[in-house]
Amino acid sequence: MGCRRNGLNRGLSDLHCKGMVPIDEDETHEGIKTIRIQKACEFTTSSVLCVCIITWNMNGKMSVEDVTKLVSSNRKFDLLVFGLQEVPKCDIAQVLQETMAETHILLCQKTMQSLQMFLFGAKSSEKYIRELKVDKHAVGGCGGIIGRKKGAVAMYINFSGIRMVFVSCHLAAHENKVEKRNSECQHISHSLFSKNDIQYTKSADITVWLGDLNYRLQGISSIPARKLIEENRQSKLRGKDQLLQEAEKGEVFNGYCEGTLLFKPTYKYNIGSSNYDTSYKIRVPSWTDRILFKVDHTSGLDAVLSSYEALDCIRSSDHKPVRAHLCLKVHGDSA
């Protein structure tokens with residue numbers, strides 16, 4: 001099990017995300033902490049648990065070729081989490097299992113109509129699972145005629161003593177629905193696993209939210225935004241991002257961590273291309289698809305983000321997938 005970066009202990013204090021697991025219970029707020037990426041793990045010791053996390057809004061379309069591209073050929077990670085939104089009516093689980101068959105097995109899955117999450121582990125990983133629970137919470141009605149459900153599916157796993165919660169969500173669309181998205185986050189956070197005697201979301205060492213959070217760029221029109229992106233100056237747009245703004249105000253994801261948004265906004269693209277929307281709406285490009293995480297400061301766990309990227313090569317949807325690679329290390333493990 002695992003991978004390890006040389007000098008993993010150096011600089012971990014800068015990356016250690018402090019605070020309670022729920023998104024809204026801190027008396028003070030610090031917003032989302034942007035953290036730098038430390039390049040590739042070297043996969044040389046069992047002292048680190050490596051997790052690959054992928055979120056993708058499929059836009060109701062199935063491309064086996066693109067699903068295969070989601071996972072790189074370098075699969076030396078212990079766990080892989082797929083959070084998918086707007087999944088078409090097909091057996092995506094079978095496609096993923098066939099893609100992963102040589103290296104990983106399906107450990108768990110949870111589905112709520114078009115909102116689906118899959119957890120894969122290395123072939124020897126089942127013996128490390130001490131507990132595994134799933135849950136779901138719907139928001140915003142029935143999802144319409146095509147069943148594009150809004151809400152979240154979630155998994156709690158105790159893997160080799162590390163307690164993890166993964167929440168894959170799809171929140172309300174449109175630029176002006178900021179307060180609705182904030183409210184949905186709150187409802188999801190309070191509702192998941194609430195029927196259990198044990199509050200899994202509060203006992204987790206690390207909580208990861210992934211999905212189409214649908215927060216948009218605000219205060220800039222489409223043409224100026226696209227010009228900055230074309231000039232590879234999309235970093236100038238981060239100050240316009242609704243999610244970072246709302247977190248800064250203490251509304252959502254207080255104290256969570258996210259990698260620097262170095263990649264281009266992931267929505268909305270013309271299907272089959274990497275060109276932004278040319279329909280009459282000419283939507284403002286936005287980072288709708290995100291991966292955030294938070295470590296309980298009492299857990300003795302450190303989290304190192306070794307990649308945070310959009311997969312531009314995937315073109316069957318109007319969203320680009322986002323992938324992150326987290327290395328987890330327990331304090332006191334030998335170097």
Side-chain angles (χ1 to χ4, degrees), residues 52-71 80-93 95-96 109-118 136-154 166-175 177 180-181 184-185 188 208-217 241-243 258 261 263-277 279 281 283-292 308-324:
C52 181
I53 303 155
I54 296 170
T55 180
W56 186 29
N57 183 321
M58 299 180 68
N59 192 35
K61 296 175 176 58
M62 179 63 187
S63 165
V64 174
E65 180 182 359
D66 278 356
V67 171
T68 303
K69 290 178 183 176
L70 286 177
V71 186
L80 174 70
V81 179
F82 288 99
L84 304 174
Q85 307 87 43
E86 298 189 16
V87 177
K89 292 182 178 179
C90 62
D91 193 352
I92 187 70
V95 176
L96 288 171
Q109 65 184 85
K110 185 63 178 176
T111 297
M112 185 172 66
Q113 292 185 21
S114 63
L115 187 57
Q116 302 183 19
M117 182 159 56
F118 304 90
K136 63 182 180 181
H137 181 71
V139 296
C142 64
I145 297 174
I146 56 176
R148 293 186 176 184
K149 196 76 169 179
K150 297 296 196 298
V153 291
F166 299 97
V167 180
S168 177
C169 65
H170 191 188
L171 304 181
H174 307 303
E175 179 184 342
K177 299 295 185 181
K180 186 174 183 180
R181 286 189 281 275
E184 289 175 348
C185 281
I188 290 168
V208 180
W209 280 65
L210 58 148
D212 180 0
L213 277 63
N214 248 326
Y215 288 90
R216 308 301 174 94
L217 294 184
D241 180 71
Q242 290 177 339
L243 177 57
E258 182 181 28
L261 292 169
F263 50 85
K264 297 177 181 179
T266 54
Y267 176 84
K268 176 177 177 152
Y269 287 87
N270 291 332
I271 294 172
S273 77
S274 287
N275 300 319
Y276 286 113
D277 178 29
S279 73
K281 294 183 179 181
R283 292 173 180 85
V284 179
S286 297
W287 286 292
T288 54
D289 310 277
R290 311 289 274 269
I291 299 172
L292 312 169
Y308 190 43
E309 60 186 339
L311 303 182
D312 188 65
C313 61
I314 290 179
R315 301 181 176 184
S316 57
S317 171
D318 54 0
H319 290 252
K320 298 299 184 184
V322 173
R323 181 170 62 195

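On a predicted model such as this, the values are computed, not experimentally measured, just so you know.
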L261 side chain reached by Y308 side chain, heavy atoms, under 4.5 Å: yes
Verdict with reasoning, I188 to L171, per side-chain contact (heavy atoms from CB on, under 4.5 Å): CA-CA 10 Å; I188 290 168; L171 304 181; 3.8 Å; yes
Note, L115 side chain near K136 side chain (heavy atom, < 4.5 Å): no
Minimum side-chain heavy-atom gap D277-N270 below 4.5 Å: yes
Any side-chain heavy-atom pair of F118 and L84 under 4.5 Å: yes
Spatial distance of atom OG (S114) from atom CG (N57) [nearest 0.5 Å]: 8.5 Å
For A172 against K177, the heavy-atom pair lying closest together: CB-CB, 4.4 Å
Non-hydrogen atoms of H137 and M112 that approach each other most closely: O-CE, 3.6 Å
Rounded distance [0.5 Å steps], NE2 in H174 versus CZ in R283: 8.5 Å
For R290, the option from D241, T266, D212 that meets side chain to side chain donor-acceptor pair (under 3.5 Å): D241
Backbone N/O of L217 and side chain of S286: donor-acceptor pair under 3.5 Å: yes
Reported SG-to-CE distance for the pair C90 and M58, which is rounded to 0.5 angstrom: 6.0 Å
Full working for side-chain contact (heavy atoms from CB on, under 4.5 Å) between L80 and I54: CA-CA 8 Å; L80 174 70; I54 296 170; 4.0 Å; yes
Side-chain heavy atoms of L292 within contact of L213, under 4.5 Å: yes
Check: V81 and V208 side chains under 4.5 Å, non-hydrogen atoms: no
Six-ring centre of Y215, R181 cation under 6.0 angstrom, axis tolerance 45°: yes
Closest contact, heavy atoms only, K69 versus C313: NZ-O, 3.6 Å
Residue that, paired with D318, satisfies salt bridge (charged side-chain N to carboxylate O under 4.0 Å, His left out) out of K61, K281, K268: K268
Sidechain-backbone polar pair: Y276 side chain, P265 backbone, donor-acceptor under 3.5 Å: yes
Straight-line distance of Q116 CD to S168 OG, nearest 0.5 Å: 9.5 Å
Pairing residues for S317 by the side-chain contact (heavy atoms from CB on, under 4.5 Å) criterion, not counting sequence neighbours: W56, N59, H319
Minimum side-chain heavy-atom gap V67-L96 below 4.5 Å: yes
With sequence neighbours excluded, residues passing salt bridge (charged side-chain N to carboxylate O under 4.0 Å, His left out) with K264: none
Approximate separation, where rounding is to 0.5 Å, of H170 NE2 and D289 CG: 8.5 Å
Contact summary for S316 and I271, nearest pair of heavy atoms: O-CG2, 3.6 Å
Minimum heavy-atom distance A173-K150, with the two atoms named: N-CE, 4.4 Å
Minimum-distance pair of heavy atoms, taken over all atoms of R216 and Y267: NH1-CE2, 3.7 Å
Qualifying residues under side-chain contact (heavy atoms from CB on, under 4.5 Å), relative to R315, sequence neighbours excluded: S274, D312, K320
Contact check, side chains of I291 and R323, non-hydrogen atoms, under 4.5 Å: no
Distance, nearest 0.5 Å, that separates CG of N214 from NZ of K180: 10.5 Å
Under 3.5 Å side-chain donor-acceptor pair for Q85 and T55: yes
